[in-house]
Each structure stands twice: as structure tokens, then as C-alpha cells.
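Contents: one structure, followed by commentary.
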Amino acid sequence: MTIKTLEDLFIHELSDVYSAEKQISRALPKMARAATDEQLVAAFKLHLEETRGQIERIDQLVEITDGVKIKRMKCHALEGLVEEAQEIIDSVEAGPVRDAGLIGAAQKVEHYEIATYGTLSALATKLGYKEAAQLLNETLQEEKDTDDKLTAIAQQQSE
């Protein structure tokens, strides 16, 4: 896809994060099964439900925004982050060390999503997509909240 306009960039970034969310929805159940801390397992399960809602929100955004259609593409950044999480699962014995590694892997994903949704929200605002910006801001806040929850779990583990 050739990107020449802000709308092209918006569609590209939206398509990329749509792929990312789909990948996350497949990775979170594996991460929940690999975690041993009950709070962490619950956080992964909750975020899986939120991720499903975020995918629906993107679908809704496309429906209400004229001219915006998701392009079929793969988010390579998320693919790499999911591979890192899988390496932790494969190479670290179940327990507190693996849990700490999974928290770190999950927070890398959250930070990627926070950056992406922040950019998308700003682009939507600039393009005059007011409803889309509101939907994107809802997702951005969920991602920030998840990051905060993961930080709290990590801090409790280290005490």
C-alpha cells in the first residue's frame, strides 16, 4: 500500500493494529495457561475479553467512517513480540520468574498498542473522524489501564 495522505496513513495504521489485535487474541490464552500467579492469569483473561471488544470497536469504526476500509496485512511488530512471549514460555520454568517474563512481554505489547492507538486517535481527530477518535480513545484508555494492572501485579510479586 502506497501511503500518500493522512487518510492513507490512518488506514494503514488501523489495518496494522487490527492484525495486531487478532494476533493478541490468539496469544493471550497461551499466556494465561503459562502463568502461575492467579492475578496474572485473571489479567490475561480479562484482557482477552477486552481485546475481543477492541476488534469489534475497530469493525464499528470502519462501519461509521466513510471511505475507511481495513487492508489485509500482517503486523510484523506484534508477530515478533508474540514470538518473544513464546520463547519465555518455552525456556523458563513455570513459576515467578516465568510470570515476571510474561508480564514484561505483555507490557511490551501494551506499550506498542498505546503508541499505535494514540497515533490513530490523533489522525482521526485531524481527519475529522470524531466518532472514530472517541472509539480509539476508549481502546487507548483500556490499554493504559491494562499496563497499569500489569505494573501493579509485577510490583506485588517483587515484594
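All values below come from the heavy atoms of this structure, side chains included, with hydrogens, waters and symmetry mates left out.
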Side-chain atoms of residues 25-35: list all donor-acceptor pairs with protein atoms under 3.5 Å, sequence neighbours left out, distances to 0.1 Å.
| from | atom 1 | to | atom 2 | distance (Å) |
| --- | --- | --- | --- | --- |
| S25 | OG | K22 | O | 2.7 |
| R26 | NH1 | K22 | O | 3.4 |

Fill in the blank from the handout: Distance col, row L120:CG vs Y129:OH, nearest 0.5 angstrom, shows 12.0 Å
Practice task
Ignoring hydrogens and angles, state whether a donor on the side chain of Q54 or E143 is under 3.5 Å from an acceptor on the partner side chain.
Solution key: yes
Exercise for the section: Mind checking the CG-OG1 spacing from L136 to T119? Nearest 0.5 Å is all I need. Expected result: 10.5 Å
Practice task
Would you kindly confirm whether L48 and L40 end up in one hydrophobic cluster when ILVMFWY residues are joined by side chain heavy atoms under 4.5 Å apart?
Solution key: yes
Exercise for the section: Please indicate whether Q141 has more than 12 foreign heavy atoms, meaning atoms of other residues, nucleotides or ligands, lying under 6.0 Å from its CD. Expected result: yes
Practice task
Check for a donor-acceptor pair, side chain of T5 on one end and backbone N or O of D8 on the other, with a separation under 3.5 Å.
Solution key: yes
Handout entry: Minimum heavy-atom distance between F10 and L123, given as atom pair plus value
Key = CD1-CB, 3.8 Å
Practice task
Find out whether D16 and K74 are in side-chain contact, i.e. whether some heavy atom of one side chain is under 4.5 Å from a heavy atom of the other.
Solution key: no
Practice task
Determine the minimum heavy-atom distance between T36 and A94, stating which atoms define it.
Solution key: CG2-CB, 4.0 Å
Exercise for the section: Verify the distance criterion only: is there a donor paired with an acceptor across the side chains of T151 and Q107 at less than 3.5 Å? Expected result: yes
Problem - Check: R57 and E142 side chains under 4.5 Å, non-hydrogen atoms - result: yes
Exercise for the section: Answer yes if M73 and V68 sit in the same cluster of Ile, Leu, Val, Met, Phe, Trp and Tyr residues linked by side chain heavy atoms under 4.5 Å apart, and no otherwise. Expected result: no
Problem - I55 with V17, same ILVMFWY side-chain cluster at under 4.5 Å - result: yes
Exercise for the section: Indicate yes or no for a side-chain donor-acceptor contact from T125 to the backbone of S121 under 3.5 Å, with no hydrogens or angles considered. Expected result: yes
Problem - Verify same cluster id: V92, V41 (apolar side-chain graph, 4.5 Å) - result: no
Exercise for the section: Indicate yes or no: at least one non-hydrogen side-chain atom of I64 is less than 4.5 angstrom from one of L135. Expected result: yes
Exercise for the section: Starting at CD of E56, measure out to OG1 of T139 and round the result to the nearest 0.5 Å. Expected result: 11.0 Å
Problem - Q23 (side chain) donor-acceptor with C75 (main chain) under 3.5 angstrom - result: yes
Fill in the blank from the handout: Taking every heavy atom of I11 against every heavy atom of G67, the minimum-distance pair comes out as CD1-O, 3.8 Å
Fill in the blank from the handout: Rounded to the nearest 0.5 Å, the CZ atom of F44 sits from the OG1 atom of T146 at a distance of 10.5 Å
Problem - Test item: I89 and L102 side chains (from C-beta on) under 4.5 Å apart, heavy atoms - result: yes
Exercise for the section: Start with the C-alpha gap between E63 and K69, add the side-chain angles, then the distance that decides, and say whether salt bridge (charged side-chain N to carboxylate O under 4.0 Å, His left out) holds. Expected result: CA-CA 9 Å; E63 285 179 29; K69 291 189 176 24; over 6 Å; no
Completion exercise
Here the gap from H47 atom NE2 to D147 atom CG, rounded to the nearest 0.5 Å, amounts to 10.0 Å
Practice task
Sorted by first residue and then second, give each salt bridge (Lys or Arg N to Asp or Glu O under 4.0 Å) pair with at least one member in residues 87-116; sequence neighbours left out.
Solution key: E84-K108
Problem - Gap separating the CD1 atom of I153 from the CD atom of Q39, nearest 0.5 angstrom - result: 5.5 Å
Problem - Shortest non-hydrogen contact from I88 toward A105 - result: CD1-CB, 4.1 Å
Handout entry: Side-chain heavy atoms of L127 within contact of T65, under 4.5 Å
Key = no
Handout entry: Residue pair L78 / L81, side-chain heavy-atom distance below 4.5 Å
Key = yes
Practice task
Classify the side-chain pair E13/Y18 by whether it contains a donor and acceptor separated by less than 3.5 Å.
Solution key: no
